[in-house]
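Some notes on the structure that comes next.
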Amino acid sequence: FTAKDFRTLRGTIVAAETLAHHGPARTVRERRKAERAAVQATADMLGNTPAVARGSYIDPRVFRRYAHGELLQLNISPETAIRRLLASPR
């Protein structure tokens with residue numbers, strides 16, 4: 001593994017946690033707002049710009065799952081939760 005792998009894992013978890021805290025979006029506008037917040041939280045944590053965070057450090061499946069109403073489970077370890085979220089068929 002490389003440092004980028006760990007940054008990508010952590011960035012993906014932060015984005016998914018932020019989306020889970022926002023809860024399911026009822027409208028496209030709410031979804032976009034939550035996604036922007038998730039990208040910004042990831043960028044802040046990693047010390048990158050939002051564009052770099054979204055393009056390089058957040059697995060895009062997190063946003064696809066969120067668009068379908070699937071959220072990260074916050075009551076289990078983040079690593080287990082992200083594996084479960086990303087492993088679901090979509």
Side-chain angles (χ1 to χ4, degrees):
F1 294 102
T2 66
K4 184 177 185 307
D5 293 323
F6 289 105
R7 287 174 61 83
T8 301
L9 174 61
R10 187 69 192 135
T12 298
I13 290 171
V14 167
E17 286 174 338
T18 303
L19 293 171
H21 285 295
H22 273 266
R26 293 180 298 251
T27 65
V28 171
R29 184 176 184 189
E30 284 181 8
R31 180 176 52 83
R32 288 183 183 151
K33 182 178 177 182
E35 287 178 1
R36 279 193 304 274
V39 170
Q40 188 62 55
T42 302
D44 291 345
M45 189 271 304
L46 293 174
N48 289 110
T49 64
V52 170
R54 185 172 192 133
S56 299
Y57 294 109
I58 301 172
D59 190 313
R61 293 178 291 177
V62 168
F63 298 115
R64 287 195 299 268
R65 300 298 196 277
Y66 184 69
H68 289 97
E70 296 176 47
L71 301 174
L72 186 78
Q73 291 177 279
L74 296 174
N75 59 342
I76 60 176
S77 78
E79 293 79 12
T80 299
I82 200 68
R83 279 194 308 269
R84 287 182 184 174
L85 179 68
L86 298 182
S88 66
R90 275 244 185 242

Please check: side-chain N/O of [X] versus main-chain N/O of [Y], any donor-acceptor pairing under 3.5 Å?
| X | Y | result |
| --- | --- | --- |
| Y66 | R61 | no |
| T12 | D59 | yes |
| K4 | S56 | yes |

Nearest-0.5 Å distance, CZ of residue R7 to CD1 of residue I58: 12.0 Å
Euclidean distance, S77 OG relative to R83 CZ, rounded to 0.5 Å: 6.5 Å
Hphob cluster co-occupancy, I13 + L86, side-chain heavy atoms under 4.5 angstrom: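 Yes.
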Sole candidate of R26, R32, K33 that passes side-chain hydrogen bond (donor to acceptor under 3.5 Å, both in side chains) when paired with E30: R26
Candidate pair R31 and V28, rule side chain to side chain contact (heavy atoms under 4.5 Å, CB included), full reasoning: CA-CA 5 Å; R31 180 176 52 83; V28 171; 3.8 Å; yes
Contact summary for [X] and [Y], nearest pair of heavy atoms:
| X | Y | answer |
| --- | --- | --- |
| A37 | H22 | CB-NE2, 3.5 Å |
| L71 | A20 | CD2-CA, 4.2 Å |
| I82 | E79 | CG2-O, 3.3 Å |
| A41 | T18 | CB-OG1, 3.6 Å |

Validation row: H21, L74 side chains within 4.5 angstrom (heavy atoms):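 Side-chain contact under 4.5 Å: yes.
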Validation row: L19, L72 side chains within 4.5 angstrom (heavy atoms): no
Polar contact flag, side-chain donor to acceptor under 3.5 angstrom, T8-D5: no
Side chain to side chain contact (heavy atoms under 4.5 Å, CB included) partner of V14, the single match among T42, D44, L46, L9: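 Result: among T42, D44, L46, L9, T42 is the only option passing the side chain to side chain contact (heavy atoms under 4.5 Å, CB included) with V14.
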Partner set under side chain to side chain contact (heavy atoms under 4.5 Å, CB included) for R54, not counting sequence neighbours: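 For R54 the side chain to side chain contact (heavy atoms under 4.5 Å, CB included) partners, ignoring immediate neighbours, are E35, V39, F63.
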